[in-house]
*Asks:* 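Can you keep this structure in mind? I'll have questions shortly.
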Amino acid sequence: MFFLQILIVLLLVVAAVTTLVVQSRSDRFQGAKDRSVAAAEAFAHSPGLVDVLRSPHPSAVLQPLTEDARKRGGVDFIVVMNRQGIRYTHPKPQEIGKHFVGTIGPSLHGHVTIESVHGPLGNEVQAVVPVTDARGAVVGLVSSGLKVRRVSSAVDRQLPLVLGAGAAALAVATAGSALANRRLRRQTHGLGPAEMTRMYEHHDAVLHAVREGVVIVDADQRVMLANDEARRLLGLDPNVEGRPVADLGLAPRATELLTSGRVATDEVLPVGDRLLAVNNRPTDRGGGPPGSVATLRDSTELLALAGKAESAQSRLRLLYEASVAIGTTLDVQRTAEELTGVAVGWFAEYVTVDLAEPVLSGEEPPSRSYRGEAPELRRVALAGIRENHPLYGVGESHRFPTTTPMATGFVTGESVLITDVRAADDWRAQDPERFELVVNHGCRSLITVPLQARGVMMGVANFWRTRERPPFEEGDLSLAEEMAARAAVCIDNARRYTREHAMAVTLQHSLLPRGLPEQNALDLAHRYLPAQTGVGGDWFDVIPLPGARVALVIGDVVGHGLHAAAMMGRLRTAVQNFSTLDLPPDELLSYLDELVNRIDQEAVVADEDAVVAGATCLYAIYDPADGVCSFSRAGHLLPAIVHPDGTVQFPELPSGPPLGLGGLPFEAVDLRLPEGSSIVLYTDGLVEDRTRDIDSGMRTLATSLGRPGRTPQETCEAVLGALLPDRQRDDIALLVARTRLLDPDHIAEWDVPSDPAAVADARAKISQQLTRWDLDESAFTTELILSELITNAIRYATGPIRVRLLYDRTLICEVSDTSSTSPHLRYAADEDEGGRGLFLVSQLAQRWGTRYTPEGKIIWAEQGIGGPLL
């Protein structure tokens with residue numbers, strides 16, 4: 001009845017609290033929704049918002065306004081975005097430019113969308129409100145959100161009252177039931193016949209089952225009760241109850257203690273060959289009958305048990321230390337050293353680890369048997385209590401004789417316990433010299449445990465004890481096997497990681513440039529350092545372009561491992577292919593961004609786990625004819641420009657989105673660089689580390705670059721010396737290019753009238769210029785090429801025509817006009833009157849092509865200097 005009353009009161013309290021909680025949740029959700037809608041609509045109907053959204057840089061205007069409105073409105077965020085969901089504002093500035101997390105479809109049709117989402121700030125209720133212009137067209141969206149838990153409710157004030165009332169009701173019910181139960185127990189003494197019988201049966205079973213002797217003596221010094229353990233410890237007869245203590249034949253000191261009734265605590269009594277710890281207490285302290293009760297324990301057995309418990313605890317502690325200390329790194333040798341460091345001292349005096357050679361290079365030893373003979377092993381770790389020992393040293397390669405415990409353990413895959421090394425006659429017979437050295441040094445006992453994991457035999461671990469300590473036992477063998485098993489798994493993991501890391505590094509190096517191309521526009525130096533703990537997707541490239549120009553590329557793929565390295569190779573190949581089209585930097589990055597988007601979509605369709613999140617890239621084209629370098633970047637770090645006087649500048653280039661995000665165009669910026677300036681391109685692994693933020697890294701980079709007169713090689717060494725971390729966790733790519741200018745005497749250009757008669761005059765000027773350059777042997781070929789290019793421009797193009805000759809490693813001929821139509825090479829039929837000019841140009845020139853400019857196009861052709869005609 002008591003528990004039934006308590007249960008009813010508790011159910012009532014729980015029901016009331018549940019009702020209030022449900023009501024509170026509903027109220028809070030409605031409040032969050034109302035406040036979010038109100039904030040979003042208020043900002044969406046703000047005067048001038050439509051004009052700001054149509055301005056070139058809405059984020060600069062809206063970000064401070066939304067933050068002020070958010071703080072005044074008491075909401076978590078107010079985000080303004082365009083029709084595509086790209087954020088213009090956000091409480092976290094790094095989220096600006098990213099896609100909005102939520103549903104915007106209904107709002108694009110003029111509706112208000114309310115939903116619960118998990119966004120960058122957590123779980124929130126958010127509202128999306130359209131921004132319309134004077135004609136009712138949706139030009140943007142405003143979203144506002146608020147966490148439900150921030151909305152207060154009246155239930156918060158009601159809940160303490162309900163809980164207090166429930167507690168009072170529970171207390172009253174408990175007190176009433178306790179009073180009734182107490183009166184009932186006083187009248188019935190609490191138990192019925194069946195309960196009393198069961199209680200005595202349990203009492204008797206427990207009394208005789210415990211491993212502690214109990215003796216109860218009454219006031220007449222007679223034994224009232226003695227359990228089985230007391231009879232065993234004191235050597236009493238089975239029918240001892242009712243007999244006087246003095247007639248039991250006990251030692252005088254024991255008889256005196258049991259009959260005295262005095263208090264004793266852990267008093268030691270000798271009884272036969274045992275030492276008993278006795279506790280004695282009177283039984284009449286709480287109103288009970290006069291007499292005493294004594295408890296007895298065998299202290300000899302307790303000491304032996306305590307020793308076993310201490311030994312077991314030490315072994316458990318050693319296993320725990322081994323599980324924590326072994327496998328902290330993915331290095332094979334370091335893992336072996338951790339095993340020896342844990343076991344030496346407490347468990348053994350000397351511990352060694354020997355591994356097969358393939359394991360050290362990440363390979364897997366052959367799974368076949370070794371035909372009774374252990375292979376050549378290398379000692380990778382040794383730890384001992386003394387430096388002088390007869391064991392093989394670290395780094396030594398050796399082959400254990402067939403009958404030695406080490407060879408037996410490796411070949412059979414089973415542990416070997418040698419209690420006394422001196423009795424190992426087989427070992428003595430096969431390797432007597434080494435055997436005598438070990439025995440004379442004092443090595444007494446040995447445990448050899450094979451190191452194998454996933455069916456792969458990798459080596460052996462040897463545990464030695466000297467004669468100063470007890471020899472190994474069977475219990476020690478299981479402990480050694482536990483530690484070796486843990487180390488074997490960690491060594492195998494390190495071996496696999498070593499192999500995969502080597503494969504990834506090999507793949508990445510094969511995808512990077514194997515050498516820099518020959519050109520005269522830039523003095524180049526580069527460094528590439530893969531991460532110590534994984535391979536990333538950093539890459540760089542130097543690509544010669546027509547007109548003696550050179551393209552510089554650097555990029556970083558998101559992620560690590562083989563996938564990132566493969567993605568890097570695809571992007572580098574794509575950049576080289578796009579560069580053959582001679583595109584401006586911003587257009588090339590647009591094509592590259594589209595390619596990354598397509599790769600991501602293919603991965604999503606294929607339902608792959610590893611989906612590329614994107615990459616950063618910087619593409620620059622340097623023209624030595626005028627010293628102009630055109631830059632464009634996709635989320636990459638700013639380049640460093642080192643002027644000839646040592647001044648370091650990080651030019652403010654427009655930062656496009658990383659590749660793969662899409663939606664925003666890229667911009668290019670032209671910088672005119674004086675001769676001798678250095679262009680420094682790098683990835684974030686150089687300036688950013690766990691122990692250093694990126695701003696500090698940029699300052700250190702600027703300081704290390706600020707010395708004039710360095711060569712690119714010296715610049716690379718100085719930068720890495722100042723910024724290379726102790727433990728490199730990310731790839732580092734560094735490219736330094738010092739600019740040169742083409743000699744003005746090696747540039748000749750002039751305008752050509754749009755008249756066929758001007759071709760002859762142009763040929764004459766060409767011949768004169770080549771004579772001044774001592775290139776008379778190339779005059780005939782050059783006249784043929786330029787005659788055809790000028791004729792095509794006069795015939796098919798409009799506007800002014802300009803000819804430019806560049807004398808570099810090759811002789812470059814360029815004809816520019818204002819037409820955007822490019823000529824195409826074709827094979828002319830026998831009866832055709834024309835169509836053979838470009839075919840002739842392609843045969844005479846090493847390369848030719850078309851480059852588009854804002855004013856039109858340039859048709860160019862390159863020919864070797866001093867080479868044959870065809």
*Asks:* Show the nearest heavy-atom pair for residues Arg334 and Thr329, with the distance to one decimal.
*Replies:*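 Here Arg334 and Thr329 meet closest at CG-OG1, 3.4 Å.
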*Asks:* If you apply the rule salt bridge (Lys or Arg N to Asp or Glu O under 4.0 Å), what do you find for Arg699 with Asp695, and how did you get there?
*Replies:* CA-CA 6 Å; Arg699 289 192 296 269; Asp695 293 334; 5.5 Å; no
*Asks:* Considering only heavy atoms from C-beta outward, does the side chain of Pro639 approach that of Leu653 to under 4.5 Å?
*Replies:*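 Of all side-chain heavy-atom pairs linking Leu653 with Pro639, at least one is under 4.5 Å.
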*Asks:* Is the closest side-chain heavy-atom distance between Leu742 and Asp808 below 4.5 Å?
*Replies:*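 Yes, close enough: below the 4.5 Å cut-off.
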*Asks:* May I ask you to check whether over 12 heavy atoms, not counting those of Arg707, lie within 6.0 Å of atom CZ?
*Replies:*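 Counting neighbours around CZ of Arg707, 12 or fewer heavy atoms of other residues, nucleotides or ligands fall under 6.0 Å, so no.
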*Asks:* Nearest 0.5 Å, please: how far is CE in Met698 from CG in Leu723?
*Replies:*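 Reported value, rounded in 0.5 Å steps: 10.5 Å.
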*Asks:* What's the separation between atom CZ in Arg87 and atom CZ in Phe100, rounded to the nearest 0.5 Å?
*Replies:*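 One gets 7.0 Å once the value is rounded to the nearest 0.5 Å.
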*Asks:* For Tyr88, is there any backbone N or O sitting under 3.5 Å from a side-chain donor or acceptor partner on Ser59?
*Replies:*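 Yes: the side chain of Ser59 pairs with the backbone of Tyr88.
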*Asks:* Does any N or O in the side chain of Asp492 come within less than 3.5 Å of the main-chain N or O of Ala488, such that one atom is a donor and the other an acceptor?
*Replies:*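 No.
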*Asks:* Quick check: do Pro624 and Asn520 have side-chain heavy atoms less than 4.5 Å from each other?
*Replies:*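 Heavy-atom side-chain distance check fails, nothing below 4.5 Å.
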*Asks:* From Leu595 CG over to Leu659 CG, what is the distance, rounded to the nearest 0.5 angstrom?
*Replies:*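 These two atoms lie 9.0 Å from each other.
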*Asks:* Using a distance-only test with no angle check, is there a side-chain donor-acceptor pair under 3.5 angstrom linking Glu338 and Thr328?
*Replies:*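 Looking only at side-chain atoms, Thr328 and Glu338 do form a donor-acceptor pair, the distance falling under 3.5 Å.
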*Asks:* Without swapping roles, check the side chain of Arg83 against the backbone of Gly140 for a donor-acceptor pair under 3.5 Å.
*Replies:*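 No; zero donor-acceptor contacts below 3.5 Å.
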*Asks:* Shortest non-hydrogen contact from Glu675 to Pro644?
*Replies:*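 Smallest interatomic distance, heavy atoms only, reads O-CG, 3.5 Å.
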*Asks:* I'd like to check Leu583 versus Tyr619 (side-chain heavy atoms, cut-off strictly below 4.5 Å). Are they in contact?
*Replies:*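 Side-chain contact under 4.5 Å: no.
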*Asks:* Show your reasoning for whether side-chain hydrogen bond (donor to acceptor under 3.5 Å, both in side chains) applies to Thr683 and Asp556.
*Replies:* CA-CA 7 Å; Thr683 56; Asp556 185 1; 5.4 Å; no
*Asks:* Does Arg710 have more than 12 heavy atoms from other residues, nucleotides or ligands lying within 6.0 Å of its CZ?
*Replies:*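 Counting neighbours around CZ of Arg710, more than 12 heavy atoms of other residues, nucleotides or ligands fall under 6.0 Å, so yes.
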*Asks:* Determine, step by step, whether Phe77 and Ser143 satisfy the side-chain contact (heavy atoms from CB on, under 4.5 Å) criterion, reporting the C-alpha distance in whole Å, the side-chain angles of both residues, the deciding distance to 0.1 Å, and the verdict.
*Replies:* CA-CA 8 Å; Phe77 69 88; Ser143 177; 3.6 Å; yes
*Asks:* Answer yes or no: is there a donor N or O on one side and an acceptor on the other, between the side chain of Gln519 and the main chain of Ala521, under 3.5 Å?
*Replies:*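 Yes; judged by distance alone, with no hydrogens or angles, the pair exists.
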*Asks:* Is Glu587 reaching over with its side chain to a backbone N or O of Pro584, donor-acceptor style, under 3.5 angstrom?
*Replies:*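 Not confirmed, Glu587 side chain does not pair with Pro584 backbone.
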*Asks:* Quick check: closest heavy atoms across Thr810 and Glu862, and the distance to 0.1 Å?
*Replies:*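 Shortest heavy-atom contact: OG1-OE1, 3.7 Å.
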*Asks:* Nearest 0.5 angstrom please: Leu681 CG to Ile554 CD1, how far?
*Replies:*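 Nearest 0.5 Å value for the CG-CD1 distance: 5.5 Å.
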*Asks:* When rounded to the nearest 0.5 angstrom, what distance separates OG1 in Thr850 from CG in Asp582?
*Replies:*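 Interatomic distance, Thr850 OG1 to Asp582 CG, rounded to 0.5 Å: 9.5 Å.
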*Asks:* Would you say the side-chain atoms of Gln63 pair up with the backbone N or O of His90, donor to acceptor, closer than 3.5 Å?
*Replies:*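 Yes: the side chain of Gln63 pairs with the backbone of His90.
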*Asks:* Rounded to the nearest 0.5 Å, what's the gap from CG on Asp743 to CD1 on Ile747? Could you check?
*Replies:*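 Here the interatomic distance stands at 8.0 Å.
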*Asks:* How far apart are the closest heavy atoms of Ala487 and Ile326, and which atoms are they?
*Replies:*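 Closest approach of Ala487 to Ile326, heavy atoms only: CA-CG2, 3.7 Å.
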*Asks:* As a quick check of understanding, evaluate side-chain contact (heavy atoms from CB on, under 4.5 Å) for Val736 and Val719, giving each step before the final call.
*Replies:* CA-CA 10 Å; Val736 179; Val719 169; 6.0 Å; no
*Asks:* Minimum heavy-atom separation for Gly635 to Thr616, with atom names?
*Replies:*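 Result for this residue pair: O-CG2, 3.5 Å.
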*Asks:* Does atom CD of Glu518 have more than 12 heavy-atom neighbours, drawn from other residues, nucleotides or ligands, at distances under 6.0 Å?
*Replies:*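 Atom CD in Glu518 is not packed in, count stays at 12 or less.
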*Asks:* Does some side-chain heavy atom of Glu363 sit less than 4.5 Å from a side-chain heavy atom of Thr498?
*Replies:*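 Thr498 does not reach Glu363 side chain to side chain.
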*Asks:* So, do His636 and Cys617 sit near enough that their side-chain heavy atoms are less than 4.5 Å apart?
*Replies:*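 They are not in contact (no side-chain heavy atoms under 4.5 Å apart), so the answer is no.
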*Asks:* Just wondering, more than 12 heavy atoms not from Phe650 lying within 6.0 Å of its CZ?
*Replies:*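 Yes, because the 6.0 Å sphere around CZ of Phe650 holds more than 12 heavy atoms from other groups.
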*Asks:* For residues Trp860 and Arg804, determine if any side-chain heavy atom of one lies less than 4.5 Å from a side-chain heavy atom of the other.
*Replies:*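 They are not in side-chain contact.
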*Asks:* Looking only at heavy atoms, which two atoms of Met567 and Val596 are closest? And how far apart?
*Replies:*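 Smallest heavy-atom distance, with atoms named: CE-CG2, 4.1 Å.
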*Asks:* Any side-chain to backbone donor/acceptor pair from Asn493 onto Val489? Under 3.5 Å, distance only.
*Replies:*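 Judged by distance alone, yes, a pair lies under 3.5 Å.
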*Asks:* Report the C-alpha separation of Phe666 and Leu592 in whole Å, then their side-chain angles, then the decisive distance to 0.1 Å, and conclude whether the side-chain contact (heavy atoms from CB on, under 4.5 Å) test is met.
*Replies:* CA-CA 11 Å; Phe666 298 96; Leu592 203 61; over 6 Å; no
*Asks:* Is the side chain of Ser677 donor-acceptor paired with the backbone N or O of Pro674 at a distance under 3.5 Å, no angle test?
*Replies:*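 A pair under 3.5 Å: yes.
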*Asks:* Between Ser816 (side chain only) and Lys857 (backbone N and O only), is there a donor and an acceptor less than 3.5 Å apart?
*Replies:*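 Flag not set: sc Ser816 to bb Lys857 has no pair under 3.5 Å.
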*Asks:* Would you please test Tyr622 and Leu552 for side-chain contact (heavy atoms from CB on, under 4.5 Å) and show each step?
*Replies:* CA-CA 8 Å; Tyr622 176 71; Leu552 303 176; 5.7 Å; no
*Asks:* Check whether Arg672 reaches the backbone of Asp626 with its side chain - one donor and one acceptor, N or O, closer than 3.5 Å.
*Replies:*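 It does hold such a pair.
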*Asks:* Are the side chains of Val380 and Val332 in touch, meaning some heavy atoms are under 4.5 Å apart?
*Replies:*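 Heavy-atom side-chain distance check fails, nothing below 4.5 Å.
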